[in-house]
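Read the structure below first, then the notes.
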Protein chains: 2
Amino acid sequence: MTIRVCRNSGFRPLRRIAPDRDQLLGIIAEVFREHGYEGASLALIGEATGLGKGSLYHFFPGGKEEMARAVIAHIDGWFEDHVFAPLRDGNDPRGGIEQMLAATDSYFRSGRRVCLIGAFALDRSRDLFAGQIRGYFGRWVMHLANALTRSGHRSTEAAELAEEAVAAIQGALTLARAANDADLFSRALRRIRKHIGIPVSG
Amino acid sequence: MTIRVCRNSGFRPLRRIAPDRDQLLGIIAEVFREHGYEGASLALIGEATGLGKGSLYHFFPGGKEEMARAVIAHIDGWFEDHVFAPLRDGNDPRGGIEQMLAATDSYFRSGRRVCLIGAFALDRSRDLFAGQIRGYFGRWVMHLANALTRSGHRSTEAAELAEEAVAAIQGALTLARAANDADLFSRALRRIRKHIGIPVSG
DNA sequence: GACTCATTGTACCGTTCGGTACAGTGTGGG
DNA sequence: CCCACACTGTACCGAACGGTACAATGAGTC
């Protein structure tokens with residue numbers, strides 16, 4: 001029944017196919033994104049990844065919960081590298097903020113993709129991952145606030161602006177999906193740039 | 001096993017206990033809110049309402065989907081009466097906006113409660129209720145934009161402001177739950193009042 | 001007291017759930 | 001050549017899933 005995609009049919013390089021944990025986590029993340037934590041069944045995950053339960057439990061002995069934890073950590077790592085890191089650049093806080101917004105726009109596919117961690121925050125599954133969820137959003141707001149402070153804002157004002165910007169992003173993702181209107185997210189990012197004082201091109 | 005709460009033990013008024021559809025929908029809404037559409041099992045709903053499957057399917061022959069639809073309509077009705085209606089008051093648009101924000105703050109219990117319709121918008125359950133979800137948010141933004149126009153904003157600016165405000169509310173709900181910090185929601189409402197030009201008391 | 005009918009509890013249906021056990025299978029290292 | 005071991009498919013488990021069928025129950029009406 002299952003189609004074996006990579007049988008490595010007689011080729012040479014022959015490095016163990018190496019289940020590519022990164023790619024795997026990306027696929028599983030998409031299933032969680034679409035169905036939520038409770039709705040993402042092992043059958044769906046198996047179907048999406050092409051792996052049977054045997055393999056899934058081999059990679060994630062803790063089952064669904066471990067998968068979700070790994071997925072959150074994976075996303076968190078991506079944000080750490082591409083979204084939070086630019087904000088830490090002390091020399092050019094404004095450029096860092098612009099990079100953060102660009103990476104955010106890219107990650108969420110201009111509003112066509114949903115924030116998995118934000119979705120987890122809403123229902124009971126939050127209790128399972130409370131620490132990771134709080135850390136993700138907390139660091140986002142904190143790094144942005146720091147960058148804003150470095151770019152000249154008073155620190156209390158920077159904290160408010162940062163909280164407002166991250167909330168605006170989350171809210172725009174919800175509304176964009178509700179209205180099925182990707183442009184809504186772009187408009188939100190444009191407004192954020194204006195509030196924060198970054199020149200908007202276009 | 002089940003405790004019968006209202007046996008109407010010998011009293012006089014004796015009007016048929018009238019299952020109080022409003023209250024019932026409120027309880028079911030809370031279950032959906034906590035567990036999401038997929039996670040809200042009939043067992044949980046039965047436990048929360050004190051009704052067995054027999055009764056649940058008597059009131060909602062369409063099962064879980066009909067329950068969710070009724071719950072969304074119920075919430076939508078509440079917002080129509082308490083949130084959108086003040087915005088339609090042509091004489092005092094600013095007062096209407098302030099009433100809208102107050103009702104919103106009250107409904108979401110200052111951020112301790114989550115927006116069920118926003119949560120439904122995020123995962124696959126959106127596809128089931130797309131029309132209702134789109135209508136709810138669309139009307140919210142539209143009525144607010146109209147009120148802003150009437151209060152003196154240019155209509156394009158009003159549309160942006162309205163979209164921004166509703167998104168800010170949704171985002172603040174997500175962040176408030178992620179951070180487990182109810183005050184975050186109050187701060188967001190305060191910022192909205194400021195942006196929209198309503199005097200903030202305190 | 002008989003009839004009606006909204007409401008309820010219970011038993012049951014087939015399916016799917018998350019999870020376990022285990023016997024292959026094939027590959028790289030020795 | 002063989003062994004160790006990472007990986008996989010399959011069968012299976014008990015529980016829970018959404019949903020159905022139906023026989024009681026009991027209050028209002030006449």
Side-chain angles (χ1 to χ4, degrees), chain A residues 1-21 23-25 27-28 31-32 34-71 124-125 128-129, chain B residues 1-21 23-25 27-28 31-32 34-71 123-125 128:
Chain A
M1 182 70 85
T2 313
I3 299 168
R4 291 170 180 254
V5 182
C6 298
R7 225 9 165 174
N8 217 337
S9 41
F11 248 123
R12 282 175 308 111
L14 289 235
R15 255 255 232 75
R16 185 62 151 206
I17 277 307
D20 201 335
R21 192 175 164 94
Q23 193 182 343
L24 188 57
L25 286 175
I27 297 174
I28 299 177
V31 181
F32 279 125
E34 283 194 11
H35 298 270
Y37 179 69
E38 305 236 31
S41 69
L42 291 184
L44 284 169
I45 295 172
E47 192 181 335
T49 58
L51 296 178
K53 287 194 191 182
S55 308
L56 287 175
Y57 272 88
H58 175 73
F59 295 120
F60 307 98
K64 210 164 101 163
E65 188 176 326
E66 184 177 339
M67 293 180 210
R69 240 174 258 285
V71 161
R124 185 131 276 192
S125 60
L128 277 174
F129 314 113
Chain B
M1 183 73 83
T2 313
I3 300 168
R4 291 170 180 255
V5 182
C6 298
R7 222 15 163 169
N8 217 337
S9 44
F11 248 122
R12 282 176 307 113
L14 290 233
R15 254 256 230 73
R16 185 64 150 201
I17 277 307
D20 202 334
R21 192 175 164 93
Q23 192 182 343
L24 188 57
L25 285 175
I27 297 174
I28 299 177
V31 180
F32 280 125
E34 283 193 12
H35 298 270
Y37 179 68
E38 305 234 32
S41 69
L42 292 183
L44 284 169
I45 295 173
E47 193 182 335
T49 58
L51 296 178
K53 286 194 191 181
S55 308
L56 288 175
Y57 272 89
H58 174 73
F59 296 121
F60 306 98
K64 212 164 100 164
E65 188 176 326
E66 184 177 339
M67 292 180 212
R69 238 174 259 284
V71 161
D123 61 26
R124 184 130 276 192
S125 59
L128 276 173

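In the text below, chain A, chain B and the rest are named by the order of the sequence lines, each starting its count at 1.
- In this structure, the nucleotide among C:dG19, C:dT8, D:dA6 sitting nearest to the side chain of B:Phe59 is C:dT8.
- Put simply, CG on A:Leu56 is 12 Å from C1' on D:dC7, counting in whole angstrom units.
- We find that CD1 of B:Ile45 is positioned 16 Å from P of C:dT8, with the value rounded to whole Å.
- The separation between B:Leu42 atom CG and C:dC17 atom P is 16 Å, rounded to whole Å.
- Counting heavy atoms from C-beta on, the side chains of B:Thr49 and B:Val31 never come closer than 4.5 Å.
- In this pair, A:Tyr37 and A:Phe129 present their aromatic rings perpendicular. The plane angle is above 60°, beyond the 30 to 60° band.
- Closest to the side chain of A:Ser55, from the set D:dG18, D:dG9, D:dC17, is D:dG9.
- Counting heavy atoms from C-beta outward, B:Ile45 and B:Phe60 have side chains that stay 4.5 Å or more apart.
- Using a distance-only test at 3.5 Å, with no hydrogens or angles considered, no donor-acceptor pair links the side chain of A:Lys53 to the main chain of A:Gly46.
- Distances were taken from every side-chain heavy atom of A:Ala43 (C-beta onward) to each of D:dT20, C:dT7, C:dC17; the shortest belongs to C:dC17.
- With rounding to whole Å, A:Glu47 atom CD is found 13 Å from C:dG18 atom P.
- The base of C:dG19 is paired with the side chain of A:Lys53 by a donor and an acceptor separated by under 3.5 Å.
- What separates NZ of B:Lys64 from C1' of C:dT16 is a distance of 13 Å, to the nearest Å.
- Both A:Gly54 and A:Gly39 sit near DNA chain C, but only A:Gly39 has its closest nucleotide nearer the 5' end.
- OP1 or OP2 of D:dC17 lies within a sub-4.0 Å distance of a side-chain N or O belonging to B:Ser41.
- Rounded to a whole Å, the CZ atom of B:Phe60 is 11 Å from the P atom of C:dT7.
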Worksheet entry | A:Met67 vs A:Leu42, side chain to side chain contact (heavy atoms under 4.5 Å, CB included): CA-CA, chis, key distance, verdict | CA-CA 10 Å; A:Met67 293 180 210; A:Leu42 291 184; 3.7 Å; yes
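- Between the NE2 atom of A:His58 and the P atom of C:dG26 there is a distance of 17 Å, given to the nearest Å.
- We find that OH of B:Tyr57 is positioned 12 Å from P of D:dC17, with the value rounded to whole Å.
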